[in-house]
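Before any comments, here is the structure.
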Amino acid sequence: AGNKTLIPLGFVEEASLRLVTPGESCRKTIGVDVARFGADATVLTSLHGKKQLGRKAFYKHSIPETCGEVIALSREMGGADIIVVDETGLGGGVVDNLKEEIGKALPKNCEVRGVQFGASCETDDDKKMYYNLKARMFGLLRDDMKDPKGLSILEESIYLEELPTILFTYNKKGQMVIESKDEYKKRTGRPSPDSSDSLALANYGRYDELTV
């Protein structure tokens, strides 16, 4: 009980109609949600600043094949600045392989950022607001889709289906908690919201300092 819709349908529709022209200095980011098993998809999302460039989903790819797809996408964008990978499960191997390609197949100033959805936030302010990194990522995504000058996403039905069905609640400390993939699948009877996770990862790449 107490569950609420995180990103209402109206936010999704407005974000898909929003026109954004990214500046030269805007970060180019890729979000990689790596499939854990069978029915889940590995999804890559590319952004230039607040403008979504693309979404690509594939099934049953090996770690090297997934890395190859990410590198090809980076090349298409003219070189990614940040690649954010969910390193839970198989994603760790993708992070390791991509890091080896920095300065080779990837630009030398590219940052490969492995994130664990379940990890706690880094700053005290974020720790007060968000239960974990996943909540922070989705909190940022919601704010950026709500903002009239915010994120511009592709007009694809997957976002209309997934984003408004993701629920959040507050725990006793007042921290935002986003339901897990397994909870989501059990409650909705739908596949894992992989495209939404990938979008949240790509958008997260626009935040925080570059480590390079």
Side-chain angles (χ1 to χ4, degrees), residues 1-16 18 20 26-27 29-34 43 45-52 55 81-88 91 111 113-154 156 158-185 187-188 190 192-211:
N3 284 345
K4 308 175 187 66
T5 300
L6 180 72
I7 301 173
L9 186 62
F11 290 8
V12 184
E13 290 172 335
E14 283 164 26
S16 70
R18 199 169 283 141
V20 171
C26 292
R27 289 183 193 180
T29 66
I30 299 175
V32 187
D33 186 58
V34 183
V43 184
T45 303
S46 49
L47 298 178
H48 184 193
K50 294 176 184 173
K51 182 185 173 74
Q52 185 181 359
R55 180 188 74 89
D81 297 306
I82 300 195
I83 300 168
V84 187
V85 184
D86 171 18
E87 63 181 354
T88 319
E111 178 187 334
R113 193 185 284 180
V115 297
Q116 299 259 3
F117 278 167
S120 59
C121 297
E122 291 182 356
T123 70
D124 288 342
D125 284 351
D126 286 338
K127 280 177 185 163
K128 282 178 195 151
M129 288 174 65
Y130 305 113
Y131 174 65
N132 57 17
L133 205 50
K134 179 175 186 173
R136 179 174 180 233
M137 279 194 266
F138 272 93
L140 291 170
L141 182 63
R142 176 194 60 188
D143 295 346
D144 289 331
M145 292 180 82
K146 183 182 179 183
D147 180 357
K149 293 183 177 174
L151 210 56
S152 161
I153 66 167
L154 298 176
E156 293 193 1
I158 191 76
Y159 297 122
L160 297 169
E161 292 161 21
E162 283 185 3
L163 285 165
T165 59
I166 295 169
L167 300 183
F168 81 100
T169 186
Y170 291 109
N171 65 12
K172 64 182 183 188
K173 293 181 177 174
Q175 296 167 312
M176 179 196 282
V177 182
I178 308 287
E179 64 185 337
S180 72
K181 281 183 192 260
D182 292 336
E183 287 167 342
Y184 176 90
K185 289 197 278 194
R187 181 180 59 77
T188 61
R190 292 177 48 84
S192 173
D194 302 310
S195 292
S196 298
D197 287 346
S198 178
L199 179 63
L201 288 160
N203 189 56
Y204 181 56
R206 301 195 306 110
Y207 289 88
D208 299 338
E209 292 298 312
L210 290 160
T211 60

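Remember, it's a predicted structure, so these values are computed and weren't measured experimentally.
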| Verdict with supporting geometry, V85 and L201, side chain to side chain contact (heavy atoms under 4.5 Å, CB included) | CA-CA 7 Å; V85 184; L201 288 160; over 6 Å; no
| Run the side chain to side chain contact (heavy atoms under 4.5 Å, CB included) check on I178 and M137 step by step: do they pass? | CA-CA 10 Å; I178 308 287; M137 279 194 266; over 6 Å; no
| message | Applying side chain to side chain contact (heavy atoms under 4.5 Å, CB included) to L141 and L151, what does each step give before you reach the verdict? | response | CA-CA 8 Å; L141 182 63; L151 210 56; 3.6 Å; yes
| message | Show, in sequence, the C-alpha distance, side-chain angles and deciding distance for L163 and F11, and conclude whether the side chain to side chain contact (heavy atoms under 4.5 Å, CB included) test is met. | response | CA-CA 9 Å; L163 285 165; F11 290 8; over 6 Å; no
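Once rounded to the nearest 0.5 Å, the distance linking OG of S180 with CZ of F117 reads 11.5 Å. Here the straight-line distance linking atom CG of D197 with atom CD of E162 works out to 7.5 Å at 0.5 Å rounding. Atom CZ in R113 sits 11.5 Å away from atom CD1 in I83 (nearest 0.5 Å). Rounding to the nearest 0.5 Å places CD1 of I7 at 11.5 Å from CG of L167. With rounding to the nearest 0.5 Å, the separation of OH in Y130 from CZ in F168 is 10.5 Å. Between H48 atom NE2 and I30 atom CD1 the span is 12.5 Å, to the nearest 0.5 Å.
Residues satisfying the side chain to side chain contact (heavy atoms under 4.5 Å, CB included) test with T188, not counting sequence neighbours, are Y184, R190. Applying the salt bridge (Lys or Arg N to Asp or Glu O under 4.0 Å) rule to R187 yields the partners E179; only residues at least two apart in sequence or on another chain are considered. With sequence neighbours excluded, no residue satisfies side-chain hydrogen bond (donor to acceptor under 3.5 Å, both in side chains) with E87. With sequence neighbours excluded, no residue forms a salt bridge (Lys or Arg N to Asp or Glu O under 4.0 Å) with D86. Scored by the side-chain hydrogen bond (donor to acceptor under 3.5 Å, both in side chains) test, Y131 finds no partners at all (sequence neighbours excluded). Legend: residues meeting side chain to side chain contact (heavy atoms under 4.5 Å, CB included) with S120, ordered by chain and number and at least two apart, are K127. Applying the side chain to side chain contact (heavy atoms under 4.5 Å, CB included) criterion to K173, with sequence neighbours excluded, gives N171, Q175. With sequence neighbours excluded, the residues that form a salt bridge (Lys or Arg N to Asp or Glu O under 4.0 Å) with D208 are R136. Annotation: side-chain hydrogen bond (donor to acceptor under 3.5 Å, both in side chains) contacts of R27 (sequence neighbours excluded): none. Listed by chain and residue number, nothing satisfies the side-chain hydrogen bond (donor to acceptor under 3.5 Å, both in side chains) test with K51 (two or more places apart in sequence, or in another chain). With sequence neighbours left out, the salt bridge (Lys or Arg N to Asp or Glu O under 4.0 Å) criterion links R55 to E156.
Between V84 and V115, some side-chain heavy-atom pair lies under the 4.5 Å cut-off. Residues L9 and E13 are in side-chain contact: their nearest non-hydrogen atoms beyond the backbone lie under 4.5 Å apart.
Using modelled atom types and a 3.5 Å distance limit, the side chains of S192 and D194 yield a donor-acceptor pair.
Between the side chain of T29 and the main chain of I82, no donor-acceptor pair closer than 3.5 Å is present. Under the 3.5 Å distance criterion, the side-chain polar atoms of T5 are left unmatched by any main-chain donor or acceptor of P8.
In this structure, C26 and G49 approach most closely via the heavy-atom pair CB-CA, 3.6 Å. Across all their heavy atoms, R18 and P148 have their closest contact at NE-O, 3.3 Å. Across every non-hydrogen atom of Y207 and N203, the tightest pair is CD1-O, 3.5 Å. Closest non-hydrogen pair, V12 versus M145, comes out as CA-CE, 3.8 Å. Across S195 and Y159, no two heavy atoms sit closer than the pair O-CE2, 3.9 Å. Closest approach of S198 to T45, counting heavy atoms only: OG-OG1, 2.6 Å.
Within the structure, salt bridge (charged side-chain N to carboxylate O under 4.0 Å, His left out) pairs that include any residue of residues 137-154 comprise D144-R206 (at least two apart or interchain).
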